[in-house]
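Values reported hereafter were calculated over all heavy atoms of this structure, with side chains retained and with hydrogens, waters and symmetry mates removed. This chain uses plain numbering: 1 for the first residue, then up along the sequence.
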Amino acid sequence: LYPGVADQVFDLMSVWPFEDNSIDYIHASHVLEHLPDPRKFFAEVWRVMTPEATMTLQLPYGGHTLAWCDLTHVRPWYPGTFCFLQPGYEETVNNPQHGGWEYPFSVETHLRLSREACALLQEKQKWMRVLVAKLFRHLQDVCVELLVTVKPLKTKDTVEAYRQEIQGNLMRVAYCAYKHEWEGKPRPDGETGEIVIVSGGDDHG
């Protein structure tokens with residue numbers, strides 16, 4: 001179907017053609033927002049990943065127009081949407097409909113700022129950047145993209161350690177940007193751009 005592009009093509013909503021604990025790294029760029037059943041997707045991710053594996057995801061931020069204007073997008077995603085992957089989510093939201101999730105992950109999220117937001121922050125002194133950044137997640141089209149890293153938690157010890165560190169219904173989020181946009185420069189030819197962290201995290205629920 002995709003000569004020269006893909007070595008193997010399969011349905012992400014079915015059982016993946018890989019053995020348990022066989023994959024070290026997965027990258028999904030603008031895939032998740034198109035899937036009708038994210039739980040089935042992440043269950044397969046958890047199954048095929050080794051305990052030390054990492055998955056990175058890129059997808060439109062739910063507070064940006066791009067998350068809504070594409071008719072093939074099934075749902076918008078926010079940092080808090082990923083909370084269901086974390087141990088303890090059912091208990092912290094006290095809602096039994098979220099119970100039964102057997103595939104826990106650690107989750108780290110970043111919101112990529114727009115070029116305009118980068119310019120606004122650059123004009124502020126450092127102490128003001130923190131205050132302004134806290135407002136960004138409430139404003140339309142300021143944050144463009146979600147960059148998410150998930151890792152499977154496959155032992156009782158790793159699950160318990162994560163539960164002690166992170167409350168199940170909260171997501172720690174930092175802000176990032178393309179380096180060239182943060183510096184007010186044109187995009188390097190032939191490159192998507194290096195990502196840099198520009199502000200510390202907030203707790204999103």
Salt bridge (Lys or Arg N to Asp or Glu O under 4.0 Å): pairs with one or both residues in residues 139-150, sequence neighbours excluded
R112-E145
Between Y78 and G62 (side chain of the first, backbone of the second, donor and acceptor by atom type, cut-off under 3.5 Å), is there such a pair?
yes
Applying salt bridge (charged side-chain N to carboxylate O under 4.0 Å, His left out) to R187 and not counting sequence neighbours gives none
Once the angle between the rings of F18 and W16 is folded into 0 to 90°, is it parallel (under 30°), tilted (30 to 60°) or perpendicular (over 60°)?
perpendicular
With T155 via side-chain hydrogen bond (donor to acceptor under 3.5 Å, both in side chains) - residues at least two apart:
T158
Show every donor-acceptor pair shorter than 3.5 Å between a side-chain atom in residues 104-111 and any protein atom, with sequence neighbours excluded, or say none if there are none.
from, atom 1, to, atom 2, distance (Å)
T109, OG1, R172, O, 3.2

Residues two or more places apart in sequence or in another chain: which of them pass ring pair (Phe, Tyr, Trp, His ring centres under 6.0 Å) with W101?
F84, Y103
If you look only at pairs with a residue in residues 46-58, which of them pass as a salt bridge (Lys or Arg N to Asp or Glu O under 4.0 Å), with sequence neighbours excluded?
D20-R47, E44-R47
Test M171 against Q86 for side-chain contact (heavy atoms from CB on, under 4.5 Å), laying out the working first.
CA-CA 9 Å; M171 186 63 58; Q86 298 183 141; 3.4 Å; yes
Close side-chain approach of F41 and L32, heavy atoms under 4.5 Å
yes
Please tell me if the side chains of P186 and H180 come closer than 4.5 Å, counting only heavy atoms from C-beta onward.
no
Closest non-hydrogen atoms of I166 and L170, given as atom of the first, atom of the second and distance, are CG2-O, 3.8 Å
Quick one, L146 and F82 - any side-chain contact, counting heavy atoms below 4.5 Å?
yes
Evaluate the side-chain proximity of Y178 to C118: yes if any heavy-atom separation is below 4.5 Å, no if none is.
no
For the atom pair CG (L59) and CG (L147), what is the distance rounded to the nearest 0.5 Å?
8.5 Å
Under the side chain to side chain contact (heavy atoms under 4.5 Å, CB included) test, residues paired with D24 that sit two or more places apart:
T50
Polar side-chain atom of T92 near backbone of N169 as donor-acceptor pair, under 3.5 Å:
yes
Please name all residues satisfying side-chain hydrogen bond (donor to acceptor under 3.5 Å, both in side chains) with K151, sequence neighbours left out, ordered by chain then number.
none
Between OH on residue Y61 and CD on residue Q140, distance to nearest 0.5 Å
9.0 Å
Residue set satisfying ring pair (Phe, Tyr, Trp, His ring centres under 6.0 Å) with H30, at least two apart, ordered chain then number -> none
Are the side chain of H73 and the backbone of A67 linked by a donor-acceptor contact shorter than 3.5 Å?
yes
Tell me, please, which residues at least two apart from E91 pass salt bridge (charged side-chain N to carboxylate O under 4.0 Å, His left out).
R163
Partners meeting side-chain hydrogen bond (donor to acceptor under 3.5 Å, both in side chains) with E160 (sequence neighbours left out)
Q164
Looking only at atom types and distance, does a side-chain atom of K154 sit under 3.5 Å from a main-chain N or O of V159, one as donor and one as acceptor?
no
So, using salt bridge (charged side-chain N to carboxylate O under 4.0 Å, His left out) as the criterion, who are the partners of K40 when residues are at least two apart?
none
